[in-house]
Amino acid sequence: MTTHNQPLIHLDGVKKVFLTDEVETHALAGIYLEIRHGEYVSIAGPSGCGKSTLLSILGLLDSPTEGGYLLNGQQVENLSFAERARIRNREIGFIFQSFNLIGDLNVFENVELPLTYRNDLASAERKKRTTEALERVGMGHRSRHLPNQLSGGQQQRVAVARALAGSPSILLADEPTGNLDSKNGDAVMELLADLHRGGATICMVTHDDRFARYAERTIHLFDGRVVDDRLPAAQTPVEAMSF
Amino acid sequence: MQALWQDLRYAVRMLAKSPGYTLVAVLVFGLGIGANTAIFSVVNAVLLRPLPYPQSDQLVLVRERSSTFHNGSVSYPNYLDWRAAQHGFTDLALVRRESFNFSSDTGGEAQPERLNGARVTANHLALLGLAPQLGRDFRDEDDVPGAAKVVLLSDGLWRRRFGASPSVIGQRVLVDGQAREVIGIAPERVRFPRLAEVFVPLADLRAQENVLSRDNHPGFSSFGRLKPGVTLAQARAELDNIAAELERRYPETNTSRRVNARLLLEASVGDYRQSLYLLLGAVGCVLLIACANTANLQLTRALARGKEFAVRTALGASRWRLARQLFTESILLALLGGGGGLLLALWSLDAILALSPQGVSRFQETRLDPRALGFTAAVALGTGVLSGLWPAWRISNTAALSHALRENGARGSSDGVHRQRASAALVVTQVALAVVLLAAGGLTLKSFWRAQEAPLGFNPRGVLMMSLSLPKARYGTDEKVAAFYAQALDRIRALPGVVAAAICDNAPFDDNESDSYFHLTDAPPAIPGQQPSAEVSLVSPDYFQVLGMPILRGRNFGPQDRLGAPRNIIIDESFAQRYFAGKDPLGQHIDDNQTMDKTAPPVTVVGIVPRTRNEAPGEDNIEKLQFPQMYFCAAQEVSRGNMLLLRAADGTDPLSLTEAVKCEIQALDPEQPVAAVATMEHNIAASLATRRLTMTLLGIFAALALTLASVGLYGVMALSVTQRTRELGIRLALGAARGDVFRLVLRQGMTLVVCGLALGLLGALGAGRALATLLYGVGALDPAALSFSAGALALVAALACALPARRATHVDPMVALRDE
């Protein structure tokens, strides 16, 4: 596991307010959070507690209404669209609940896709990284297949490979097992655990305690605030909480 | 029937529910159907409608064909021999277009008029299958030299000049100064010869020396009616055999002479066939684009109604039932579009006819007749079926439907382009057809520009033209004719605003031509049938000044070139280059064909002028035969009929001089009318009428095609962006910059465009070939025209793609996080 003195992610009083029909909705009401290099964090909480909003801010898909966000030491909360796109591409690997593979691209092209948005990467290097990422998730033999020729579990493996291919600083996983049966869900969680053991920093949103336990640290959100942040060993049994 | 009624009611309700969609679809259908109706109406009126005579498909125009002229006029003796020897026709008639000075002999105040008319043999009307509506027809005894002078009037002239009074029969009128008895009124539908209002028998012409000469072809055409059971080919073969026999008997005059026999309808309007069918093809392409466009609209809408159809299927609707519902909507839309198209056609016909050649009455007779209405109905139904076919198949394909429904499931992969293959194919088709039309439009535009810019060899600006013809009855001698014109020119020259005035019997762009054989004195005799020919004009000395033509060498005609003096000519540069290469043309002698006196001394070349273009670009005399030009002095070779030409001073509108000139003519001879008053520039523009019509309509259709194809492309791209929102969000989430997404969408659209362009350019090559004979100064594969069409389309298409592409860049990457 890699160790760094500086946290990879530092959120300082992040708030997010949505305005709809003149009604203010406080999705995040002041989040203070640090994630260090090599950590495996799961974010849990009931529906509407702000998990997805937090993940979208962590992934630079959205900006906080208020508060500061340091990613790898860089202030990122007020960057332009283009700058945020660049950082998403280089620093963040996304794993989505519904895999989000592009149906018209084959497995190899899907994994290669984020690398094609980097202008400084030669074609040979792209191919090498793509191949390595596919081998790493055990999907090298299906690289010419189209997504609809794969099972859900296989599609999610490909999505993990796509997230890994760009060697990001952190993997953000949004309910990665949400669309999988338990067997395939377990397999994907094993894969993430394996990646974590290899040094990857992972931040996962899940509402399934069984999978939350794979993480070494679980953060509970409620009404847009962190209500609990502890290692699983010291954690109050989740079953006891009335989420 | 009840089910059909139910479908119809439901279709009306569905269309009323989406007024925007309905309006766009009806508009697209309306544009396509309207353009087709308008052009079909013209094609029907000009080409398809039979001539207004009984069994008009038996009427055949017969002209002479030689190595020089494909469609030459008929020698009178040849006509007599054909008529006597042939058996394939019930009879043959002879006609010649002429114009006559016409006035009533009743001492009324009506001005003398110069009218179009015809010299005809007595069997003219009978062969057309008609009889006079009033009075009697010509009899054989009216058509012999020395017979009593009689005349038939057209229906139009009778109504206009005599108020349709039956008492006109038996009245005397003056035709070219000669009193003639009106014996009958021709039926209203007589249109042959074109525009004729006065008909007189050949009669005295039959005894004229120049008419009786077999080597003279004084503008006659022959026509006949095929006997029942005889085909055109048989009749043509028989006449050719007779012509071959005449060649054997008269080798001096008839070598290589055969007949050119065509159906009268073809001879009348055949020149417009290619242009009109080309336009029909063009609007056909527009209609196909409209069909593809509406098919795309309907497909999109049908897929959006997937759930509705799934429910219907679940409730037991058959595939045919679902398809029929969509067909009903499509046909209803097309019929509404057909209604709109009819209105568009009605509105546009006037504009089309204004662009049409004005001297061709069949153009001006264009109406939305029952055949055109039937065509519109058939096209509307056809387009409704055609554009409804694909959506109906797609939606009635239950497998496809179920797949479409599954697409909303959580398979986790976006599915963009595959679903749109059919739409893409339709867009490619639209783009390809638009390129073909743009290329055709570009070619005709450039061709028209080249035709307009074709060097004339003279300056047409400020030149006024009018025709006048002195009747033999009052101007019986050459001296009288020469004196009249000399005085007239003196008076006109003295008018304020007139710089110069002249006469010419064969002026540029005067709808008249005069060609003649000649022989270079001292050269060996030419092989019969291969004599050189030149275009001949009889001009007064100021002619070259009026047209702004310099005398390049030698001298102009002058007072010394008078009647009775040795005859001189001026030739043009091309004559000098072709026949006097390497020697000085001035002083050379030529045996001309202008006098019946075969012992007349040759003419002498005294001057050289620039080559002029006397007819519209593309005419045979210019492009194929390249006749050189010989100018005779009007004082030495007298013609009763002439064009009067004058040059107006700078700043003077030539037409403003018309009345003053007419007054001077009337002052000299109150019975003398003038006609065909027009500026030279107007006549030049009129000579390009068919080209202008083709160019303008093709341009409009190309623009329409471009608009429809671009709208179609925009629609498909906009739909694609909507359907790919999630995919685009994923790409943005993965780090794609807005520029990446913009280029992605643009590339997708432009890929379709490039495919369409490639197919379209192939089609354009074919269209260019079809156009080749209509083009002037432009190759069928003209790179500039093809590049223009491809460039214009690419530019507009890029814009059509750029708007959805720009919208794509504003997709929120957060959609990647939202489950479907």
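The figures that follow rest on heavy atoms only: side chains count, while hydrogens, waters and symmetry mates do not.
Two residues are said to be in side-chain contact when any heavy atoms from C-beta on lie closer than 4.5 Å; B/Ile730 and A/Phe94 fail this criterion.
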### Stepwise side-chain contact (heavy atoms from CB on, under 4.5 Å) test for A/Arg162 and B/Leu734
CA-CA 9 Å; A/Arg162 180 177 63 186; B/Leu734 293 177; 3.6 Å; yes

### Message
Applying side-chain contact (heavy atoms from CB on, under 4.5 Å) to B/Arg726 and A/Asn100, what does each step give before you reach the verdict?
### Response
CA-CA 8 Å; B/Arg726 185 170 178 78; A/Asn100 281 346; 2.6 Å; yes

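Separation of atoms CD1 (A/Ile57) and CE (B/Met814) is listed at 8.0 Å; rounding is to 0.5 Å. The line from CG of A/Asp104 to CD of B/Gln748 is 9.0 Å long, rounded to the nearest 0.5 Å.
Across all their heavy atoms, A/Ala85 and B/Ala736 have their closest contact at CB-O, 3.8 Å.
Neither the backbone nor the side chain of A/Leu60 comes within contact range of chain B, judged by heavy atoms closer than 4.5 Å.
Judged purely by atom type and a 3.5 angstrom limit, A/Arg90 has no side-chain atom pairing as donor or acceptor with the backbone of B/Gly735.
When the shell of 6.0 Å around NE2 of A/His207 is examined, it contains 12 or fewer heavy atoms from other residues, nucleotides or ligands.
When each of B/Gly739, B/Ala733, B/Gly729 is scored by its heavy-atom pairs under 4.5 Å with chain A, the top score falls to B/Ala733.
Residues of residues 110-130 of chain A lying under 4.5 angstrom from chain B, judged on non-hydrogen atoms, are A/Leu113, A/Pro114, A/Tyr117 by number.
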